2 protein chains.
Amino acid sequence: MEIIEQAAMELFAHKGYSNTSIAQIASAAGVSKGLLYNYYTGKDDLLKAIINKAMGSADHFFNEDFLSQMSAAETISIIVNGSLELYKANPAYWKLLTSLMFQEEVLKELQPMIAQKSQMSYGLMIPIFEKLGYPDPKSQALLFGAAMDGIFLYSFSVQEENHFEHMMNYIIETFSKPYHNE
Amino acid sequence: MEIIEQAAMELFAHKGYSNTSIAQIASAAGVSKGLLYNYYTGKDDLLKAIINKAMGSADHFFNEDFLSQMSAAETISIIVNGSLELYKANPAYWKLLTSLMFQEEVLKELQPMIAQKSQMSYGLMIPIFEKLGYPDPKSQALLFGAAMDGIFLYSFSVQEENHFEHMMNYIIETFSKPYHNE
DNA sequence: GTCTATACATTGATAGAC
DNA sequence: GTCTATCAATGTATAGAC
């Protein structure tokens, strides 16, 4: 069960969901094809199980009440480093999640859940940038989210860990600065 | 020929490359399956043709010599607005290109070409941020690229054009500011 | 619980008629 | 140039033995 989902996630992340067959998953997990259908009704059900299981981990990671007591700079640092930890704990999962954004047909049910992930930090960040004096905190929050997603996008293709962590620190530094004009 | 590539690109972008069959492409293009193999040796060859044809448009869009005469703010504005125009001229193509980043196996030959696309602006931007006084212009250029890619990533899932253009202007405004500490 | 065997649809691709 | 017919291979999924 656990071994199957792990194998499937790895394959989905590397080869893409549609491009991965049941036979490949079974082979990688070291079980027979038939056994898969004892646990899941089909390939889509297996995908759903993977997503659902991993979804919980992110939710309780960023506690809104906890963050509200922090300073702006601290909050940004916690969110960036938290995202980094979350990613490093299971890179394949996040890659899979992002790749699904390009599969309009496959599982419309998951789409809202995936979109929510991106907006997870959005609501949290607006008051932060208000505090920092930004005249358009919503746009600044979106810019922050876009920068984060962009860095993660790089990490999927380029495999330089160093470079990755450096950019995370650069983001913390950049976005923690209070607004300043001229 | 043109109609086939157009239909294929649309399907690839919306359903994903692996999830699109030759039959679906032929049907969408209004031709028979067999005809496809008269123009292309296979599905991968069709993909290659699509990518190659569209690649040229981006290359001569950003002329390095031309940009070197511009001010920092002007260059940023040109690159952002140019990217926006390029995207709006053929959104499906850019979505397809990005989605291929998640297909490690499919067409390793295209991988470097796709990666280059992301770095297109990277080399151009470093001297810009030097001019603007940034102590780490490389990181700032990467942040700029990440922010751009992140915004495009949003546009693939959310379909709000307005919101999209607003963020592009916000990026121009934000990144055109000279470096300032405290 | 797990595997083998098999059914059935769809896939990419080819051959040959028009 | 274009289509129909057809191929072998692979896909998902099921049934039944152990």
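Predicted model only: the values in this text are computed from it and were never measured. Letters A, B, ... mirror the listed sequences (proteins, then strands); counts begin at 1.
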In this structure, how many angstroms lie between the [atom2] atom of [N] and the [atom1] atom of [X], rounded?
| X | N | atom1 | atom2 | value |
| --- | --- | --- | --- | --- |
| A:Leu46 | D:dT12 | CG | C1' | 13 Å |
| B:Asn19 | D:dT12 | CG | P | 11 Å |
| B:Asp45 | C:dT14 | CG | P | 12 Å |
| B:Leu35 | C:dA13 | CG | C1' | 14 Å |
| A:Ile25 | D:dA13 | CD1 | C1' | 13 Å |
| B:Gln24 | D:dG11 | CD | P | 16 Å |
| B:Ile4 | D:dT2 | CD1 | C1' | 10 Å |

Among [options], which nucleotide sits nearest the side chain of [X]?
| X | options | result |
| --- | --- | --- |
| A:Lys33 | C:dT11, D:dA13, C:dC3 | D:dA13 |
| A:Tyr37 | C:dA13, C:dC3, D:dA13 | D:dA13 |
| A:Ile22 | C:dA13, D:dC3, D:dT12 | D:dT12 |
| A:Ser32 | D:dC3, D:dT12, C:dC3 | C:dC3 |
| A:Ser21 | D:dG11, C:dC3, D:dG1 | D:dG11 |

Next on the checklist: Assess the residue pair B:Tyr40 and B:Met1 against the criterion (side chain to side chain contact (heavy atoms under 4.5 Å, CB included)); give the C-alpha distance rounded to whole Å, side-chain angles, the decisive distance to 0.1 Å, and a yes or no.
Outcome noted: CA-CA 10 Å; B:Tyr40 315 97; B:Met1 191 103 184; 4.1 Å; yes
Identify each atom pair where a protein N or O and an N or O of nucleotides 16-18 of chain D are less than 3.5 Å apart, giving names and distance.
none

Checklist outcome for this item: Minimal heavy-atom distance between A:His14 and A:Lys95, with the atoms involved, is CA-NZ, 4.5 Å
Checklist entry - Which angle, rounded to 10°, do you find between the first-five-pair axis and the last-five-pair axis of the helix from C:dG1-D:dC18 to C:dC18-D:dG1? => result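 End axes: 0° apart.
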Item to check | Donor-acceptor contact below 3.5 Å, side chain B:Ser77 vs main chain B:Ala73 | outcome: no
Checklist entry - For B:Ile50 and B:Leu46, what are the C-alpha separation, side-chain angles and deciding distance, and is it a side chain to side chain contact (heavy atoms under 4.5 Å, CB included)? => result CA-CA 6 Å; B:Ile50 292 173; B:Leu46 172 55; 4.3 Å; yes
Base, sugar-phosphate, or nothing for [X], non-hydrogen atoms under 4.0 angstrom?
| X | value |
| --- | --- |
| A:Tyr40 | nothing |
| A:Lys43 | sugar-phosphate |
| A:Ser18 | nothing |

Next on the checklist: Can you see whether A:Tyr93 has A:Lys53 sitting over its ring - NZ or CZ less than 6.0 Å from the centre and within 45° of the normal?
Outcome noted: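 Negative - A:Lys53 is either too far from the ring of A:Tyr93 or too far off its axis.
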Item to check | NZ or CZ of B:Lys43 within 45° of B:Tyr17 ring axis and under 6.0 Å | outcome: yes
Checklist entry - Can you list the steps and then say if B:Leu110 with B:Lys48 is a side chain to side chain contact (heavy atoms under 4.5 Å, CB included)? => result CA-CA 8 Å; B:Leu110 291 180; B:Lys48 241 184 287 183; 4.0 Å; yes
Next on the checklist: Determine whether the aromatic ring centres of residues B:Tyr122 and B:Phe144 are separated by less than 6.0 angstrom.
Outcome noted: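 No, the ring of B:Phe144 stays outside the 6.0 Å limit from the ring of B:Tyr122, centre to centre.
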Checklist entry - Counting only heavy atoms not in B:Asn162, do more than 12 sit closer than 6.0 Å to its CG atom? => result no
Checklist entry - More than 12 foreign heavy atoms under 6.0 Å from NZ of B:Lys138: is that the case here? => result no
